[in-house]
Amino acid sequence: MSNTSRPETSSGAPSPTARPNHFIEDIIEADNASLKWGAWGTTHPDRADTPKVHTRFPPEPNGYLHIGHAKSILLNFSLARKYHGKFNLRFDDTNPAKEEREYVDSITRDVLWLGAEYLSPPTGGGLFFASNYFEQMYAFAEELVLKGKAYVCQLSADEVAKRRGAPGVPATSPHRDRPADESLRLLREMRDGTHPDGAMTLRAKIDLASPNFNLRDPVLYRISHQHHHNTADRWCIYPMYDWAHGFEDSIEGITHSICTLEFENHRPLYDWFIDAVNDGRPPEKKIHHPQQIEFAKLRPTYTIMSKRNLLKMVESGVVHGWDDPRMPTLSGLRRRGFTPQAIRAFCEDIGVTKVESSIDLARLENAVRDHLNRVAPRRMAVLRPLRVVIENYPDDRTESFDCINNPEDPAAGSRPVPFARELFIEHDDFSPNPPKGYFRLAPGQEVRLRWAYFIRATRFDTNPDGSVSTVYATYDPDTRGGDAPPNPDGSPGRKVKGTIHWVSARHALDATVRLIDRLFTAEAPGERTGNYTDDLNPDSLITLHGCKLEPDLANARVRPNAENGCTVGDRVQFERLGYFCVDQDSTPSTPVFNRTISLKDSWAKAAAKSPQR
Ligand code: ATP
Ligand code: MG
């Protein structure tokens, strides 16, 4: 059965990445076979007989999303798509202290950018806010109090912590056996704002001796006189995560409530709360009881993912904001030039398991390299320019070479690139004293200029500090297009071993280029010293001014996307250098480019040489 429902490529052919089911797909297919959740029926006449699969992504709007969240978003979304179900985006906005509208806006943008469609058919289940269910959740709380399953406890937070017990030692509360009507009165006073923060809490009456601490009469509501981004000042009590989460899923008709492994020992609580509401209700009044399923978090190497620490880096200025291109946030990755296709391919590649393990960051980097290799047009850019004068090339002449945009994509066409007597090449593509095996430009040595001619260096000038300032060269007019003509006897013409890129000095655009690299030099930042800032990579951002670009790059832009609200810079490959994209700081007079990723994995080479890296 599973093979018939494989995701398909746009050509309609079976996906080349066809793989065995992961454990959540196995669970869903078993549920579908038994019609555990029923079929869509009249709610969706177009899929009336299709078994119901309804997933959601439930972020708390207390920070920007990161690459780990992408795994969860794409997992939930792709299950909905694969099984012709629905996918919701729901803000778990139950703790006003840390939540802000700015985060809500950034999250909706990021989810749409990834392509996880939560609004439109066929997958769109809708956009929801947990805070819109506060009234309903509160009604459930009163119901539990009346059933003797919850009580108001007047111990302070410190006291509760102290009396939480130890393994095998039961916790205590003097208010556990308070009559229901007294708890109900106090709960209403809590809601009405009669009491200050911390004066009392509503707790579930479960089992103070449970070996699972989560079940030792957890708090359901706390008093917090805080303004909420959605409900303003209507509430001064707020539900705890465990109490709220299952009801949010239940109200939305979620079937498979997928979360990360740290919630495994909260699952008994998830089930207990819904069962407690259903206890004693007639069948037609029972609320929907979704199934919680846990999977292992994504933990890439060379990265930190805790929102708390990401926020600290933003606030302390270690990075320049949540969307700093070095951040593992989706907005940072987007600004750096990562594509949603690459992130989707990466998440598909790493799979879904129940085993915690770290994932080599190189796999994400390779995914973007692969995708950009296929789609990014090639351009020439010189990052550390060195002037070259071709002395036998007329000063008043300009030629145009027709350069192929992308050898991987014939449909990408070609563009004209101007050539003239004065060029820029990379500083390290010339060596006054070439070491053995140096095949680039050197005195007396010939090299191919990409797309253009062979040139031979004749002499050079130096700066007062001894560095090379100008190289003089001659070109061979017979090598136009980049190859020497055949010899008179018909044998192939002479070869050169090196090809270098160049930009015509007269036509070049000046640009700023930011060389972005991993933010940390350690696989597990902070593991060595306990402080992740000790492992910051001092070279994670190198800014080069006065870089020289071929003139076609004047057309490169940052483009707003009206559909997802994101701004994305055009992406290109600078030949021999890597993949780059236009940054939002660009101006028409000074374009700014970020390096998304180098052409090859320099870290793998470095790691082979030195185990430290
Ligand atoms: P916190 O709860 O500390 O604020 P969080 O990263 O868990 O941080 P949430 O907004 O609660 O933030 O996360 C939303 C969803 O994303 C949750 O379902 C969570 O399990 C999932 N998620 C978070 N981090 C990862 C990760 N590294 N890999 C996969 N899923 C993740
Ligand atoms: Mg969380």
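Computed from a predicted structure; not experimentally measured. Indexing begins at 1, ligand by ligand and atom by atom, following the structure's order.
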Q.
Could you check whether Glu315 pairs with Lys312 (Lys NZ or Arg NE/NH1/NH2 to Asp/Glu carboxylate O, under 4.0 Å)?
A. no

**Q.** Winner among Arg56, Glu60, Arg90 once heavy atoms are compared against atom 10 (O) of ligand 1
**A.** Glu60

Q. For ligand 1, which atoms have a heavy atom of Pro59 less than 4.0 angstrom away?
A. 10 (O), 14 (C)

(Q) Counting only heavy atoms, tell me which of His69, His245, Arg299 gets closest to atom 23 (C) of ligand 1. (A) His69

(Q) For Glu60, is there an ion pair with Lys307 - N to carboxylate O distance below 4.0 angstrom? (A) no

Q | Sub-4.0 Å atoms of ligand 1 with respect to non-hydrogen atoms of His66 | A | 24 (N)

Q. Taking heavy atoms and a distance under 4.0 Å, where does Met305 meet ligand 1: side chain, backbone, both or neither?
A. side chain

Q.
Check the orientation of His66 and His69. Use parallel for under 30°, tilted for 30 to 60°, and perpendicular for over 60°.
A. parallel

(Q) I'd like to check whether Lys71 has a polar contact with ligand 1, where a contact means an N/O of the residue lying under 3.5 Å from an N/O of the ligand. (A) no

Q | For Thr260, the ligand 1 atoms whose distance to one of its heavy atoms is below 4.0 Å | A | 19 (C), 20 (O), 29 (C), 30 (N), 31 (C)

Q) Salt bridge between Arg234 and Glu135, side-chain N to carboxylate O under 4.0 Å? A) yes

Q: Name the orientation class of the two ring planes belonging to Tyr532 and Phe520 (parallel below 30°, tilted from 30 to 60°, perpendicular beyond 60°).
A: perpendicular

(Q) Looking at ligand 1, is there an atom of it that comes within less than 4.0 Å of some heavy atom belonging to Glu262? (A) no

Q.
Can you confirm, on distance only, whether ligand 1 has an N/O atom lying under 3.5 Å from any N/O atom belonging to Pro58?
A. no

Q. When you measure from the centre of the six-membered ring of Tyr302, is the NZ or CZ of Arg518 under 6.0 Å away and within 45° of the axis?
A. yes

(Q) Heavy atoms only, cut-off 4.0 Å: how does Asn62 contact ligand 1, side chain, backbone, both, or neither? (A) side chain

Q. Should the ring pair Trp243 and Phe273 be called parallel, tilted or perpendicular, given that the plane angle runs from 0 to 90° and is split at 30 and 60?
A. perpendicular

Q) Side chain, backbone, both or neither: which part of Lys297 has a heavy atom under 4.0 Å from ligand 1? A) both

Q: Assign the ring pair Trp37 / His288 to parallel, tilted or perpendicular, where the plane angle (0 to 90°) is split at 30° and 60°.
A: perpendicular

Q | Sub-4.0 Å atoms of ligand 1 with respect to non-hydrogen atoms of Gly68 | A | 25 (C), 26 (C), 27 (N), 28 (N), 29 (C), 30 (N), 31 (C)

